[in-house]
Amino acid sequence: MIEIRLHGRGGQGAVTASRIIATAAYEEGKYSQAIPMYGTERRGAPLTAFVRIDDVRVRERELVHNPEISIVLDPLIAKQQAVVDSLKPGGLVLLNTAYPPEEVKIGGDFKVATVDATTIALETLGRPITNTAILGAFAKITGLLKVESLEKAIKKFFPGRLGDMNIAAVKRSYDEVKGPIQAVVKDAPPEKVDIHVGGYGVLKDVSSWRVYTPEIDVEKCIGCKNCWIFCPETAIQWDEEKNKPWIRYDACKGCGVCANECPVNAIEMVRVEV
Amino acid sequence: MSERITRAQIPISELTITPGSACQGCGAALAARLSFKALGPNVIRHGIPCCPDSVTQTPRVGTVFEGGGAQLTGTARALKAIGREDVLAVGFYGDGGTYDIGFQGLSAAAERNENIIVITKDNEAYMNTGNQRSGATPKYARTSTNPIGPRSRGKPRPKKNIPFIFAAHYVPYVGTASVGFPEDLIAKVTYMKTIKGFRMLIVQSPCPVGWRFDPAKTIEIARSSVQSGIWPLYEILDGKTFKLNYKPKELKPVTEYLSPQARFRHMTEDEIADIQETATANWENLLKADEMGRLTL
Amino acid sequence: MSYEVMVGNKAAATAVKLAKVQVASAFPITPQTTITQYLSEMYAAGEWDFDFVNVEGELTSQVVVQAASKVGARTFTCTSGPGLLYMHHPMQVTGSSRLPVVMAVVHRGYKGMQPDHSDLMSQQWTGWGHQYVEHAQEILDSLLMAYKVAEDARVRIPIAVGYDGYVLSYTAEPVEIPDQGGVDKWLPPYKPMPSVLPDEVDPTTFSRGWGGGDPQMPWKIHHEAVLKIEDVLKETMDSFEKTFGRRYGNGMIEPYKMEDAECAIIAMGTIAGTCKAAVDKMQKEGKKVGLIKLRSYIPFPVKDFQEWAKKLDGFAVVDRSICPGKGGPVFGKLRGSLYDLEEKPVTLQFHAGLGGKEVRVHDFEMIGDKILKAAKGGTVEQVTWI
């Protein structure tokens, strides 16, 4: 049995990717199971999904605890050492990043492959939904699935033109994946971004939710307080002395309301550097 | 009636503890933040199942989905019994807990004129479970239980007029508010604190995920809803005294509100005209009531 | 026949479509929610002639299908945990009225959203048949069979088919979808018996009840009708296999690798699947322990367990619900069933998976080791919390 873990964030299609893999495996006469991490999904919040593939019907219902393969759909999450936590020794990690596998900073005893799935998704689908843009790479580096089976499965999930666009993304990622190579870094410290953010109540740090980050040009600011009053998370704080805003980045989810409401465009949403 | 305030009068201090677990650009999280700014800390917050919005520095109690009106009643009666009527019994509920499963208990609490405050963050569907229709969902909106198909054009029936329904219980206060108009919202909550009996505020709270728009546009959409007459801001006292709080010289076309939201994308010109006609007619009625300063329910 | 990799909730909605249900009603609640969405999509697409009533609460959805069933429509509803508790009051009326309503219960515990079996277990007195299933294919098949059994003239009892939330409701796996033609032939249209239509009503049925006579009699009749599910379910399982090529034991229980077993683990729902994986592993290691998956909790397979008890040295009962202060319901009922036997196997109680706690393959290995040891006269604790 092969066990796979997928990391992504709400809206990138990690759960759909897990189901496409399971469907493609069944197309090839194998049994499969695609499990989303149980809980509440929030747009932008990191999430996990799992796949099992076997020659016989999969009986067990526990979550996947020691996967052979880790697939990471999001470039920011792809920087986190946590994506290889409890990976089987000698396992494989496939990262969505523009860097070649030689320059990957996460470390341990595993093989690493990379593909710039975000760019592929933007160029083939027009949106940064990276689920299909990573599956071609997955097929190539693991040899577990034929591209034709993936195509069949994708047509079940995305009929018509959307299906063709997604199949184009699969093909490009099949061609453009780099690696796998043995991980260059042997031992890496964990990064600070929590990739298991979720649930109800107060969260610790939601920096990992952001795709875009607000940056304030205080020179342009006229002190109208729009950004402050409309921030759903009180991430925009008001400095009464200076009559200017400042940002609590641990509380900012990157929604962009502040920038949208600023009458003088003093706030810019900047793509999170990956 | 509430009294106008300015942005400078809004307190800087916050009662919410953030970051919360709401989605990016959540209107309901903002509704909580703004309401509690005005409510202050001397509150027992009551919850029932709904979207997570913002955690507040107030004691919080909860009960079953259908029990919203009853739990506020119990709290209010006990506060009276122990001589602590200075503490506010506030329900912060969703539209399901107000319009639908919670309606019976709230209606009964209104009829008894319980000494409670109900604030509804109305995001117009069951968003916590993934955008299933509710009694608050507007006509033609696509939801996960009103898909578009040969037999369905989105929700077939209009949104319940819940403020008027509660006003027809002849309770001391019913108001509407919007997260796009924070001064108005805060003024209304502040006024509610000065009176006793059953008080209700329905806050339209756009949901980027369910209404399907870019989360940066939450406020823009809340504002255009009010400016186009889809969600007018008003107050009704004792089921008769009426005041419109926001009266533009001319309404914006409803398309300004509908177009950015993908839940309305399938609508035909006739369907849009239907919404426009309803909004305009409703607005004219409200203007008349506002001129007279009273409603006949 | 076709297949689709689908989640448990889609399998449930697909069964509703194949059974050509005429009136369905439900209120969304996690983790049942997506059933309401699939049914709405099927309704919007006009896939067959049915009505789906999106309502404002579970009390309403239960009463809607109850009334629709009285008039003569084939009906379906579904819910989870708290929603089921809210339905409790009208469920009793559906049971007492002998209406063949079929309901999917997507298990959700009392404490939190994760699954255990306390929701359906708490509905024992409402007079329904209660079944627990393990995987998505079994959801589809069991719901189809539930209509056949519930509508049988000998039974006329509503049936609830329970499956674990999240673990099954949102997990996708391959499901074979039977052809509509085959289902139509195997499951003919529902014939109400009798209906409440003014020209058809039999005044001795629906209108009776509170008019005097022996107040205990309706309970006796109700009890006996529920017991009849056992024979009809066994027959139905045979005809289902003949038509569609799949079966789940005799319908009441599904023994797994029990041929050479000396002891059995008894489990229900998805954890029975995890137990199967553990049994595979243990038998490879020469441990003589198998699984008896309990499918029908009401009626309880008393005779089946008595037969197995004669052959076995021990039962390890894994309860995924608990009546606080009283204990695991399956354990209590199983022990009661064995009381009249002269020689009784050892029985051990395990509490597992409550509040959605994950139950893993190695947990079942531990359970297997314990029952084997106890059966050989070793000392182990009677009650274990996994």
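Keep in mind that this is a model prediction, so the values were computed, not measured. Numbers restart at 1 for each chain; the letters A, B, ... are given by sequence-line order, proteins then strands.
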Closest non-hydrogen atom pair between Thr234(A) and Thr18(B), with its separation: OG1-OG1, 2.6 Å

NZ/Lys155(A): more than 12 non-hydrogen atoms of other groups inside 6.0 Å: no

Do Gln24(B) and Val257(A) have side chains that approach each other closer than 4.5 Å (heavy atoms only, starting at C-beta)? no

Tell me, do Ile229(A) and Leu34(B) make a side-chain contact under 4.5 Å, heavy atoms counted? yes

Among the listed options Thr218(B), Ile219(B), Ile17(B), the residue most often paired with chain A at heavy-atom distances under 4.5 Å: Ile219(B)

Contacting region of Ala22(B) [heavy-atom separation from chain A under 4.5 Å]: both

For Pro232(A) and Ser54(B), work out which heavy atoms get closest and say how close. O-OG, 4.1 Å

Between Gly25(B) and Cys255(A) the two heavy atoms that sit nearest each other are N-CB, 3.2 Å

If you round to the nearest 0.5 Å, how far is NZ of Lys253(A) from OG of Ser21(B)? 6.5 Å

Any non-hydrogen side-chain atom of Arg248(A) less than 4.5 Å from a side-chain atom of Pro19(B)? yes

Anything in residues 201-213 of chain B with a heavy-atom distance to chain A below 4.5 Å? Please list those residues in order. Pro208(B), Val209(B), Phe213(B)

Heavy-atom distances under 4.5 Å only: say whether Glu14(B) touches chain A with side chain, backbone, both or neither. side chain

At their closest point, which heavy atom of Trp209(A) faces which heavy atom of Cys23(B), and how far apart are they? CZ3-CA, 4.2 Å

For chain B, which residues of residues 213-225 of chain A have at least one non-hydrogen atom nearer than 4.5 Å to it? Cys224(A), Lys225(A)

Heavy-atom cut-off 4.5 Å, strictly under: side chain, backbone, both or neither for Glu261(A) against chain B? side chain

Summary of ring-ring contact (aromatic ring centres under 6.0 Å, His included) pairs that have at least one residue in residues 26-45 of chain B, sequence neighbours excluded: Phe36(B)-Phe92(B)

Under 4.5 Å from a heavy atom of chain B, the part of Glu240(A) involved: side chain

Do Arg33(B)'s NZ or CZ and the ring of Trp228(A) fall within the cation-pi criteria of under 6.0 Å and 45°? yes

Nearest heavy atoms of Val179(B) and Phe230(A), plus distance in Å: O-CE2, 3.4 Å

With sequence neighbours left out, the residues meeting ring pair (Phe, Tyr, Trp, His ring centres under 6.0 Å) with Tyr212(A) are none

Separation of Asp214(B) CG from Asn260(A) CG (nearest 0.5 Å): 7.5 Å

Within a reach of under 6.0 Å around NZ of Lys152(A), are more than 12 heavy atoms found that belong to other residues, nucleotides or ligands? no

